[in-house]
Undergrad: 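So that we are looking at the same thing, I have put the structure below in structure tokens.
For clarity, every value in this text was computed on a predicted model and none was experimentally measured. In what follows, every chain begins at residue 1, and chains take the letters A, B, ... in the order their sequences are listed.
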Amino acid sequence: MPELPEVETVVRELRPLIVGKTIDRVEAIWQKTFVDQAGLSLSGQIIQKIDRRGKFIILVLNRSYLIVHLRMTGRLSLSNGQGDLSDLPHLRCLIQFKDGSRLLFEDMRKFGRIYHVKEVEEVLKNVGIDALDTHLTFEHFYDYLKNRKMGVKAFLMSQKWIAGLGNIYTDESLFLAKIHPEQTCDQISPGQGRKLFTAVQEILHRAVENMGSTISDYRDAYGNPGRNQLYFKVYRRAGKPCFACGALIEKKKVAGRGTHFCPQCQKLRGSK
DNA sequence: CTAATCACCTGAAGGC
DNA sequence: TGCCTTCAGGTGATTA
């Protein structure tokens, strides 16, 4: 479900709602959802701030961290504590605050996780720089690309170098940059690389402005869907005409995922 | 190092 | 109506 823009939307919405709240207790309704590796109590700790890196949400507490990953169908929302929890069949974890309100984690498919750790790196050690981090320059980006024999879609999706892109925004970025998803990284020229770098930023910024994309499950912290799906150029448009050239959009499995691209605009290139 | 497959889960959609 | 297969905004482990 959520990629960087959806996670960013949730973080921005939750920030004014939960920063400053004191935790009373955490209840795991589905055991596997909550992974406690901190070895200290959550009770009495105050949420100092809420941040994000890639698709991870980081709650900074006094003496430890809660790190949330929504995976495919996870949702976070704040409840005033009055509602009936039995109305929420997919509730997996609940963070009860001293003021009576609570942060709910619902997740139909049970892939999502909430980690309680003493150090952020315990969870994020293999996660690269955030795709919208202002410290990420083109030179930096191209250094990651240039000697890699991996396909560019797999590279963008991996999270290891650049974090935040998932299946939707990878396909949309590659279309905007006119690069074939199976293009090998080391065959991407500096000029193409520059186009890809700016395409990624443009696609992600626009998606954040549109409060993310909703295909079926994603909802923000208020339960609202995003509207960026209205602007997809290739994602889920297989068999439809390309907006740029009219050729039919293709779909094939690349890097293990359903991948959408225009065979005319995004040609595989053999050399630089 | 890179790619492919499976595993983890539930539910929706399409074919017959 | 119902059964069966496939697919889904993700990622981690394991196997070639």
Undergrad: Just one of A:Lys178, A:Lys251, A:Lys252, A:Lys233 clears the side-chain contact (heavy atoms from CB on, under 4.5 Å) bar with A:Phe261, so which one?
TA: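 Among A:Lys178, A:Lys251, A:Lys252, A:Lys233, the one meeting side-chain contact (heavy atoms from CB on, under 4.5 Å) with A:Phe261 is A:Lys252.
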Undergrad: If you assign A:Lys253 and A:Arg71 each to the DNA chain B nucleotide with the nearest heavy atom, which residue ends up on the more 5' nucleotide?
TA: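 Final value for this comparison: A:Lys253.
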Undergrad: Go through the side-chain N and O atoms of A:Tyr169 and A:Glu6 and say whether any donor and acceptor fall under 3.5 Å apart.
TA: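 Yes, A:Glu6 and A:Tyr169 have a side-chain donor paired with an acceptor closer than 3.5 Å.
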Undergrad: Which of the following nucleotides, B:dA3, B:dT10, C:dT11, is nearest to the side chain of A:Arg109?
TA: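 So the nucleotide nearest the side chain must be B:dT10.
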Undergrad: Do A:Glu27 and A:Arg102 meet the salt-bridge criterion of a basic N to acidic O distance under 4.0 Å?
TA: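 Answer for the salt bridge query: no.
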Undergrad: In whole angstroms, how far is the C1' atom of B:dT2 from the CE atom of A:Met150?
TA: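 After rounding, the gap between these two atoms is 6 Å.
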Undergrad: Select base, sugar-phosphate, or nothing to describe what A:Asp107 touches, counting heavy atoms under 4.0 Å on all strands.
TA: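 Counting heavy atoms under 4.0 Å across all strands, no contact is made by A:Asp107.
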Undergrad: Name the residue closer to the 5' end of DNA chain C, choosing between A:Met157 and A:Arg236 according to the nucleotide with the nearest heavy atom.
TA: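 Nearer the 5' end of the strand: A:Arg236.
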Undergrad: Taking the side chain of A:Arg148 as heavy atoms from C-beta outward, which of B:dG11, B:dT2, C:dG10 is closest to it?
TA: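 Selected nucleotide: B:dT2.
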Undergrad: Considering every strand and a 4.0 Å limit on heavy-atom distances, what is the contact class for A:Lys251: base, sugar-phosphate, or nothing?
TA: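 Sugar-phosphate contact only.
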Undergrad: Tell me the interatomic distance from A:Arg257, atom CZ, to B:dT2, atom C1', rounded to whole angstroms.
TA: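 Value for this atom pair: 18 Å.
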Undergrad: Would you classify A:Tyr169 as touching base, sugar-phosphate or nothing, given that sugar-phosphate means primed atoms plus P, OP1 and OP2, and contacts are heavy atoms under 4.0 Å?
TA: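 Result for A:Tyr169 = nothing.
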Undergrad: Can you identify which nucleotide, out of B:dT10, B:dT2, B:dC9, has its nearest atom closest to the A:Lys32 side chain?
TA: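 Within the option list, the nearest is B:dC9.
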Undergrad: Using atom P of each nucleotide, how far apart are C:dT6 and B:dT5 to the nearest Å?
TA: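 After rounding to an integer number of Å, I get 14 Å for this pair.
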Undergrad: Quick check: on DNA chain B, is the nucleotide nearest A:Gly256 upstream (toward 5') of the one nearest A:Asn147, or the reverse? Name the residue that is more 5'.
TA: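 Result: A:Asn147.
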Undergrad: For atom C1', what is the distance between C:dC7 and B:dC6, given to the nearest Å?
TA: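 One C1' to the other, the span is 16 Å.
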Undergrad: How many whole angstroms separate atom CZ of A:Phe155 from atom P of B:dA3?
TA: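 Rounding to the nearest Å, CZ of A:Phe155 and P of B:dA3 are 12 Å apart.
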Undergrad: Any side-chain N or O of A:Lys110 under 4.0 Å from OP1/OP2 of B:dT10?
TA: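 So the side-chain polar atoms of A:Lys110 do come within 4.0 Å of the phosphate oxygens OP1 or OP2 of B:dT10, strictly under.
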Undergrad: Would you check if A:Phe197 and A:Tyr142 make a side-chain contact, meaning some heavy-atom pair closer than 4.5 Å?
TA: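 Sidechains of A:Tyr142 and A:Phe197: no contact.
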Undergrad: Under a 4.0 Å N-O cut-off, is there an ion pair linking A:Lys49 with A:Asp51?
TA: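 A:Asp51 and A:Lys49: salt-bridged.
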Undergrad: Answer with base, sugar-phosphate or nothing: what part of the nucleic acid does A:Gly151 contact at a heavy-atom distance below 4.0 Å?
TA: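 The answer is sugar-phosphate, as A:Gly151 gets under 4.0 Å only of primed atoms, P, OP1 or OP2.
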Undergrad: Measure from the side-chain N and O atoms of A:Arg257 to the backbone N and O of A:Asn167, and report whether any donor-acceptor pair falls under 3.5 Å.
TA: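 No.
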Undergrad: Closer to the 5' end of DNA chain C via nearest nucleotide, is it A:Val123 or A:Glu6?
TA: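 Counting from the 5' end, the first nearest nucleotide belongs to A:Glu6.
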Undergrad: Strictly below 4.0 Å: does A:Gln159 bring a side-chain N or O up to OP1 or OP2 of C:dT11?
TA: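 Indeed, a polar side-chain atom of A:Gln159 lies that close.
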Undergrad: For nucleotides C:dC3 and B:dC8, find the distance between their P atoms and express it as a whole number of Å.
TA: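 Per the computed distance, 25 Å lies between those P atoms.
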Undergrad: Decide yes or no for A:Glu172 and A:Val234: does some side-chain heavy atom of the first lie under 4.5 Å from some side-chain heavy atom of the second?
TA: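 Yes, their side chains come closer than 4.5 Å.
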Undergrad: Does any non-hydrogen side-chain atom of A:Leu61 lie less than 4.5 Å from one of A:Ile47?
TA: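 Side-chain contact under 4.5 Å: yes.
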Undergrad: Rounded to whole angstrom units, what separation is found between the CZ atom of A:Phe232 and the P atom of C:dA8?
TA: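 For the pair A:Phe232 CZ and C:dA8 P, the rounded distance is 13 Å.
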Undergrad: Using whole Å, what does the distance between atom P of nucleotide C:dG10 and atom CG of A:Leu124 come to?
TA: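 Between P of C:dG10 and CG of A:Leu124: 17 Å.
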Undergrad: Could you write out DNA chain B as a dot-bracket string, with dots for unpaired bases, | for bases paired across to another strand, and Watson-Crick or G-U pairs counted at under 3.5 Å?
TA: .|||||||.|||||||
Undergrad: Take the protein atom CG of A:Asp217 and the nucleotide atom C1' of B:dC9, then report the distance between them rounded to whole Å.
TA: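 For the pair A:Asp217 CG and B:dC9 C1', the rounded distance is 12 Å.
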Undergrad: For the backbone of A:Ile188 and the side chain of A:Gln183, can you confirm whether one donor and one acceptor N or O come within less than 3.5 Å of each other?
TA: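 No, A:Gln183 side chain to A:Ile188 backbone: no donor-acceptor pair under 3.5 Å.
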Undergrad: Starting at CG of A:Asn167 and ending at P of C:dT11, how long is that distance when rounded to a whole Å?
TA: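 Rounded to the whole Å, the gap is 11 Å.
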Undergrad: Please determine whether a side-chain nitrogen or oxygen atom of A:His69 lies at a distance below 4.0 Å from atom OP1 or OP2 of C:dT11.
TA: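 Looking at the OP1 and OP2 atoms of C:dT11, one of them is under 4.0 Å from a side-chain N or O of A:His69.
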Undergrad: Phosphate oxygens OP1/OP2 of B:dA3: is one of them under 4.0 Å from a side-chain N or O of A:Lys149?
TA: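 It does not, given that no N or O in the side chain of A:Lys149 lies less than 4.0 Å from OP1 or OP2 of B:dA3.
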Undergrad: Can you tell me how far P of C:dT11 sits from NZ of A:Lys125, to the nearest Å?
TA: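 Rounded to whole Å, this separation is 15 Å.
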Undergrad: Using a 4.0 Å heavy-atom cut-off across all strands, classify A:Thr73 as base, sugar-phosphate, or nothing.
TA: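 If one applies the 4.0 Å heavy-atom cut-off, A:Thr73 turns out to touch nothing in the nucleic acid.
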Undergrad: Using the aromatic ring of A:Phe111 (for Trp, its six-membered ring), decide whether it stacks on the base of B:dC8 within the limits of 5.5 Å and 30°.
TA: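 Yes, A:Phe111 stacks on the base of B:dC8.
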